[in-house]
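Structure record follows, encoded as structure tokens.
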Number of protein chains: 2
Amino acid sequence: MGRPRRPLLSRDRIVATALALVDAESLEAVSTRRLAAELGVSGPALYNHFAGKDAIIDAVVDTVLGEVDITGFAGVGADGTPWQDALRQWARSYREVLAGHPHIVPALATGPGRRPHALRMADAVFGALVDAGWPRAQATRVGVLMRYFVTGSALGSFAGGFPDDAAVYAGTYPHLDRAHLLADAQREIDESAFEAGLEALMAGLTVRYAAVVAERGGEPGADGGPDPAPGRPGGAATGQKS
Amino acid sequence: MGRPRRPLLSRDRIVATALALVDAESLEAVSTRRLAAELGVSGPALYNHFAGKDAIIDAVVDTVLGEVDITGFAGVGADGTPWQDALRQWARSYREVLAGHPHIVPALATGPGRRPHALRMADAVFGALVDAGWPRAQATRVGVLMRYFVTGSALGSFAGGFPDDAAVYAGTYPHLDRAHLLADAQREIDESAFEAGLEALMAGLTVRYAAVVAERGGEPGADGGPDPAPGRPGGAATGQKS
DNA sequence: GTCTATATGCTGATAGAC
DNA sequence: GTCTATCAGCATATAGAC
């Protein structure tokens, strides 16, 4: 057929179609051939726009992360928005976005790499925590542990995974006598568990923050705990990954 | 060749070999052909022992979950071990086990299903929390949110995913000026973030527990919060998944 | 009941024509 | 920049040896 007058493909069109496929079916459903067919094009044509399938998935992941609302962090240094409020808003948005694209979550395991939205998010989280008064090393930890919680909450539904066959539990698992009802309540359980965990984390971190800031006040420049990378001044330096 | 005098394969041998392959390389490295080759056998022979590749991975996941230490929960009802101690011990063991088999974590997304070790763990967590005085609906949430945190912490390293090339960050991400150092401190950051999050969660949950128990004391039988599945007496009933 | 051999239709990726 | 042709490797199915 030869080269068309106008390109049939573009990175954006490929990524959008791939995301639609991931959402509609699964990560495994995205094959270069299927994706190409969906785009009305032959398989290898994709390689003119991306280095390979992994690069396409990487771009899809970053597109999804771009949907996360990080505007709350801007107010932390500026108008004195409490860091807790910013963190809460971000965590809820982050979870909501991942819940909207649940099949993409395992792809977060590969790391942030050079994805611009992932780095933008890390920068915002870490920057706001430092602005709020968290020592750098602690700010890193807080960003990381928040990410643990949010990504874990998006990695498949908890409640939805229980068989709704009561016979599975009878006799063998004495406390799971009503577990066959869990699948029905899936959404409510997943969400209320997330909210409960978020509040617990905020309460716990607020206590820690008070201690750290008080300690630091008496000893200016201290980092509030063991440095993550002893020997390097200031410790490690960031807040978040993907 | 026909049927050998003594079976060459067994479920255990297949699972052990598959796990070794997952750990040494990745989840994708496990193909029926490679696995069979590793076992000195031809590909389709595996189908005499498992329904398909998915069933093999499922068995691998359950084997891994069997390594998690849930003995701490036994003492909660019996000798009055604080639920916080039991939860902490379990969470640390759970994380440690997953950290020992990091490539398996994405496979946890598929849910607990009928895996015996996953159900055994759910039973232990939920049972202990209820024994400790948590209302059933709340106990479910606590188990779920703990799982969120632990599995999230095991889904790939945070710090290890940052490129160690300082040029990636310069100019564009103002707060990540030291992020290129993160990869070196990976292990320490991942662990200290986990510990910090665990302590924050325990502190937050302890506060909530006090409130819930106080409220319940005045109103025996109350469930301490909105029921996860309104209309069903007692709400949903379990604590943990995979 | 456990294996081997063979076959089908997928997959990611490459080479070269236009 | 897209095409066709082609490759090696994949999960799985089936038939038959013992």
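For clarity, every value in this text was computed on a predicted model and none was experimentally measured. Numbered from 1 within each chain, the chains take letters A, B, ... in sequence-line order.
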By nearest-nucleotide position on DNA chain C, the 5'-leaning member of P44(A) and E28(A) is E28(A)
Rounded to whole Å, the CG-C1' distance (L27(A) to dT11(C)) equals 14 Å
Side-chain donor-acceptor pairs under 3.5 Å in residues 12-26 of chain A, sequence neighbours left out?
from	atom 1	to	atom 2	distance (Å)
R13(A)	NE	L8(A)	O	3.3
R13(A)	NH2	L8(A)	O	3.2
R13(A)	NH2	L39(A)	O	3.2
T17(A)	OG1	R13(A)	O	2.7
D23(A)	OD1	H101(A)	ND1	3.1
D23(A)	OD2	H101(A)	ND1	2.7
E25(A)	OE1	R34(A)	NH1	3.0
E25(A)	OE2	R34(A)	NH1	3.2
E25(A)	OE2	R34(A)	NH2	2.8
S26(A)	OG	E28(A)	N	3.4
S26(A)	OG	E28(A)	OE1	3.3
S26(A)	OG	A29(A)	N	3.2

Between CG of N48(A) and C1' of dG12(C) the distance, given in whole Å, is 15 Å
In whole angstroms, the gap separating C1' of dC3(D) from CG of L8(A) amounts to 11 Å
Out of dG12(C), dT12(D), dC3(D), minimum distance to the side chain of A45(A) belongs to dC3(D)
Which of dC3(D), dA13(D), dT11(C) is nearest the side chain of R34(A)? It is dT11(C)
Atom NZ of K53(B) and atom P of dT12(D) are separated, to the nearest Å, by 8 Å
Among the nucleotides dT6(D), dT4(D), dT4(C), whichever has the atom closest to the side chain of S42(B) is dT4(C)
Here the distance between atom P of dA13(D) and atom CZ of F50(B), to the nearest Å, is 16 Å
With sequence neighbours left out, the residues meeting ring-ring contact (aromatic ring centres under 6.0 Å, His included) with F73(B) are W90(B)
Between L9(B) and R33(B), the residue closer to the 5' end of DNA chain C by nearest nucleotide is L9(B)
Quiz item: Does the side chain of H49(B) get closer than 4.0 angstrom to OP1 or OP2 of dG1(C) through an N or O atom?
Solution: no
*Is the distance between the ring centroids of Y148(A) and F158(B) under 6.0 Å?*
no
Rounded to whole Å, OH of Y47(A) lies from P of dT4(D) at a distance of 16 Å
Side-chain ion pair, D58(B) and K53(B), N-O less than 4.0 Å: no
L46(B) atom CG is separated from dT12(D) atom C1', nearest whole Å, by 11 Å
Determine the contact category for G52(A): base if any of its heavy atoms lies under 4.0 Å from a base atom, sugar-phosphate if only primed atoms, P, OP1 or OP2 are that close, otherwise nothing. sugar-phosphate
Separation of dT2(D) atom P from R11(A) atom CZ, nearest Å, is 13 Å
**Asked** Is the shortest side-chain N to carboxylate O distance from R92(A) to E96(A) below 4.0 Å?
**Response** no
Quick note, T32(A) side chain, CB onward, closest among dG1(D), dG12(C), dC3(C) is dG12(C)
